[in-house]
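Keep in mind that this is a model prediction, so the values were computed, not measured.
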Amino acid sequence: MDTVILVLIEVLIVIGMSRLIGLAFIRIKQPLVIGEIVAGIMLGPSLFGWVAPNLAATLFPPETVPFLNILSQVGLIFFMFLIGLELDPKYLKGKINVAILTATMSVLVPFALATLLALLLYPLLYDGNVSFTAFALFLASATSITAFPVLARIITEKNLQATYLGTLALTSAAVNDLAVWCLLALGIAVAREGSIGRAWHTIIASLLYIGFMMTVGRSFLQRLAIYYRRTERLNQLLLALIYMGVVASALITELIGIHLIFGAFLLGTIMPKNAGLVREIAGKTEDFVLIFLLPVFFAFSGLRTQIGLVNRPELWLLCGLVLFVAIAGKYLGTYVAARFSGIEKREASALGWLMNTRGLTELIVLNIGLSLGVITPLLFTMLVIMALVTTFMTSPLLEWTYPKRLIGLDVVEKEVEPEASRDIATQDYGQIYRILVPVANPSTQKGLVQLAVAIALNYQQPTAVHPLSLIELSEDYAFESTPVEANRLIEERRQQLEELIDTLEPPSTRSYVHPIIRISSNVAQETAEIAELEPADLILVGWHRPAFSNNRLGGRVGQILTTAPVDVAVFIDKGKERLENLLVPYSANIHDDLALILALRLLINRDTCLLKILQVVSENRIKNEMSYELHKMMQQLPQSVRDRIDIQTIEASEPIQAVVKASEAVDLTIAGTSRAWGIERQTLGRYTDELAIQCRSSLLITRRYSQVTSHLASVLADANTHESALRG
């Protein structure tokens, strides 16, 4: 078969496999890139070559490997440029003193341990063809490095970017990686020249080139940034000049004697960090690099990874020792420095696990070492295992050490405005009545938030309405998932929500509305977790599709209904801005009870509200009676509230049509889900589905979580006291 055709078939297989395994790893809460690395290993001799050696030899023959290498090197050049582009100076502000100490210790301790390990490994793996200095420098680099891109994405995913821990981790990782890249460059120079004494001219040339780029190169790039600010677009000519600069810089560092990747990384680092320019460069570059070129690099690495080489107990013991040195050195160095800087034990431990992230950056170091012959295929395999294990363990260990309840989900303390904060502070925390309102589009969901305010606010009980905006990033490894870009998206969404809050009526209610904005990989799950952590009394969610088509309930609304551990209400907004006439069709189940309770709360909150409770019975059927709990609550209502309740019982052969007809004269119908709800999770039940389609007023569908929660008990006493005071 023609080599070009065979290479294209290989690329086709590699991209498909990378996406498939990468998405599977996302499902188990691991970074996409780790799944793609595993996919590359699976295509190599470790799995595919072991299970089907003849087919593997046919699909990945030796003559195609150089072509894969060329594609992977191009991918690495532009990926390292993206890493440098992402390395924003903002990461180096604020915590720099602590970060320098932490980063220094997170390099020195694993460096020292790796040097001791090198003394053990060098006689076992080498016969003098590689200098010990070069070997020790590479091993130290491999154990000392932190994968800044992967760590940044983990911080974004965990919503740590605005916390002390997150900013410290980013700053420490940035300083750490700059130090390790310098260490690696020295290792490459020594490996190529044979000793440090012979590498002095390479070191001097590298320093001169860095100085040139930091001055002349930066000045030229600033002119490009000025041109971009004037035109406000990145045209093809400008992008071509930048790409030419990336390749030229990579070639220069290769000719100097270090490696291609350093020139590309350096150019990305000195690029002006104009937010719009960086965003456009990343947007135009990363898709092709991340989807096409990097998977080829993973496959190329996978073809060189032979887990079968670790085939004896003593070799697995040696692999375990490498893993222990890498984890212990990084964790202990970081933890001790953090504790010395006054950081609490839990945060110091979490920082240690974050700095243990290696991933793709580690793989780049290892491939350079293997290409130069400094690392043997056996040690390469051991270090690849180490890279996967240390990255894989970061998320679960971080969650165990620093769970979400400590990360800043308690938004009441952080995001409540001062006036409302004082009001809430005077009350017992558990007595605050909270409504969580997932808002997907702030420009179209004013009615949803306005309804939440009407249900919550009665001036007799401390309340808080939280418009919840969870920003779901489309790709977990794209530029938009970096902490800086995530913060920009959060601030943009916060401004949109503030504009929404400023339109709420009356103006006095606005101080009780406090938005929560988070980055999320699973909106329904995150909503349920926040509702439990706050804790919320009710989740009020809008229906985002025009109707309940085919009686099916799917998407995020359905997931929230089935998973949230609190009461949930789904609002179908028919554009009725008034909230004066309410209708509750009552058929005596716990979901109808919640519908009636919310209606009564609205009645207490709004003096002008009228409520009609409609009980529809078929011929020769006894009407459904209210539960004892609800009946008792009704008796406790102030007389002024009871006077505005009209209970009607009608006989009809078609109950749904009777309710639909009654809805024509009201502003809001509140109905519980059908008795059958929950048997089949994709439906709300025939009754509720049909009502959602045919109802003439806006509709609120309620799902009660348990009989314990009460939306009325805490306000009944105050309401009665208030009425007694008026009579007195």
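Atoms CD1 and CG, from I41 and L303 in turn, are 11.0 Å apart once rounded to the nearest 0.5 Å. How far CD1 of I375 is from CD1 of I368: 9.5 Å, rounded to the nearest 0.5 Å. The CG atom of N367 sits 5.0 Å away from the CG atom of L363 when rounded to the nearest 0.5 Å. Atoms CG and CG, on L160 and L398 in that order, are 6.0 Å from each other to the nearest 0.5 Å. To the nearest 0.5 angstrom, I28 atom CD1 is 10.0 Å from S395 atom OG. Here OG1 of T163 is found 12.5 Å from NZ of K158. Values are rounded to the nearest 0.5 Å.
Taking the six-membered ring where the residue is Trp, Y335 and Y331 present parallel rings, their angle staying beneath 30° rather than reaching 60°. Between F25 and F392, the angle of the ring planes goes over 60°, which puts this pair in the perpendicular group of the 30/60° scheme.
Judged by distance alone, the side chains of T64 and E10 do bring a donor and an acceptor atom under 3.5 Å apart. For the residue pair T357 and T394, a side-chain donor N or O sits within less than 3.5 Å of a side-chain acceptor on the partner. Using modelled atom types, one finds a donor on one side chain and an acceptor on the other under 3.5 Å when comparing R493 with S469.
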*Kindly indicate, with the supporting measurements, whether the criterion side chain to side chain contact (heavy atoms under 4.5 Å, CB included) is fulfilled by L360 and F298.*
CA-CA 9 Å; L360 171 55; F298 298 142; 3.2 Å; yes
*Check step by step if side chain to side chain donor-acceptor pair (under 3.5 Å) holds for E347 and Y402.*
CA-CA 7 Å; E347 287 183 323; Y402 205 69; 3.3 Å; yes
*Check the pair Q525, E529 against side chain to side chain donor-acceptor pair (under 3.5 Å), reporting the backbone distance first and the verdict last.*
CA-CA 6 Å; Q525 180 182 333; E529 288 177 355; 3.1 Å; yes
*Assess whether side chain to side chain donor-acceptor pair (under 3.5 Å) is satisfied between T167 and Q161, documenting all intermediate values.*
CA-CA 6 Å; T167 53; Q161 67 272 10; over 6 Å; no
*asked:* Could you walk me through whether M355 and N176 satisfy the side chain to side chain contact (heavy atoms under 4.5 Å, CB included) test, starting with their C-alpha distance in whole Å, then the side-chain angles of each, then the deciding distance to 0.1 Å, before giving a yes or no?
replied: CA-CA 9 Å; M355 294 294 285; N176 176 285; 4.0 Å; yes
*asked:* For L497 and L500: C-alpha separation, side-chain torsions, deciding distance, then whether side chain to side chain contact (heavy atoms under 4.5 Å, CB included) applies.
replied: CA-CA 5 Å; L497 287 173; L500 167 62; 4.3 Å; yes
*Would K330 and T390 satisfy side chain to side chain donor-acceptor pair (under 3.5 Å), going step by step from the backbone distance to the final call?*
CA-CA 10 Å; K330 202 73 175 169; T390 52; over 6 Å; no
*asked:* Pair V570, L540 - check side chain to side chain contact (heavy atoms under 4.5 Å, CB included), show working.
replied: CA-CA 6 Å; V570 180; L540 181 61; over 6 Å; no
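The backbone N or O of T143 lies less than 3.5 Å from a partner atom in the side chain of R358, making a donor-acceptor pair. Not a single donor-acceptor pair under 3.5 Å links the side chain of T146 to the backbone N or O of F148. A distance-only check finds no donor-acceptor pair linking the side chain of D567 to the backbone of L538 [under 3.5 Å]. The main-chain N or O of M42 is never found under 3.5 Å from a side-chain atom of S46 such that the two would form a donor-acceptor pair. H466 places no side-chain N or O within 3.5 Å of a backbone atom of P515 that could act as its donor or acceptor partner. Not one N or O on the side chain of R304 forms a donor-acceptor pair closer than 3.5 Å with the backbone of A299. Using a distance-only test at 3.5 Å, with no hydrogens or angles considered, a donor-acceptor pair links the side chain of T391 to the main chain of G359. Checking side-chain atoms of T156 against main-chain N and O of S481 turns up a donor-acceptor pair under 3.5 Å. With hydrogens and angles ignored, the 3.5 Å screen pairs a side-chain donor or acceptor of T702 with a backbone N or O of H591. Judged purely by atom type and a 3.5 angstrom limit, T401 uses its side chain to pair as donor or acceptor with the backbone of L397.
L448 and V541 get closest at one heavy-atom pair: CD1-C, 3.8 Å. Between A39 and S18, the closest heavy-atom pair is CB-CA, 3.9 Å. Between A452 and V437, the shortest heavy-atom contact is CB-CG2, 3.5 Å. Residues P31 and V150 approach most closely at CG-CG1, 4.1 Å, considering heavy atoms. Contact between P396 and Q30 at its shortest, heavy atoms only, is CD-NE2, 3.9 Å. Between V296 and L68 the shortest heavy-atom distance is CG1-O, 3.6 Å.
Salt-bridge formation is not detected for the pair R518/E157: no Lys NZ or Arg NE/NH1/NH2 atom is positioned less than 4.0 Å from an Asp or Glu carboxylate oxygen. Salt bridge annotation for R488-E491: absent, with no cationic side-chain nitrogen under 4.0 angstrom from a carboxylate oxygen.
Residues L32 and R19 are in side-chain contact: their nearest non-hydrogen atoms beyond the backbone lie under 4.5 Å apart. Side-chain contact between I385 and W316 is present, with at least one heavy-atom pair separated by less than 4.5 Å. A 4.5 Å side-chain heavy-atom check between R153 and P149 finds at least one atom pair inside the cut-off. With contacts defined as side-chain heavy-atom distances shorter than 4.5 Å, the pair L293/F297 does not qualify. Taking 4.5 Å as the limit, every side-chain heavy atom of L71 sits out of range of all side-chain heavy atoms of F300. Residues I539 and P438 form a side-chain contact, since some pair of their non-hydrogen atoms from C-beta on lies under 4.5 Å apart. Taking 4.5 Å as the limit, some side-chain heavy atom of P377 sits within range of a side-chain heavy atom of L370. Counting only heavy atoms from C-beta outward, the side chains of I490 and I519 approach each other to under 4.5 Å.
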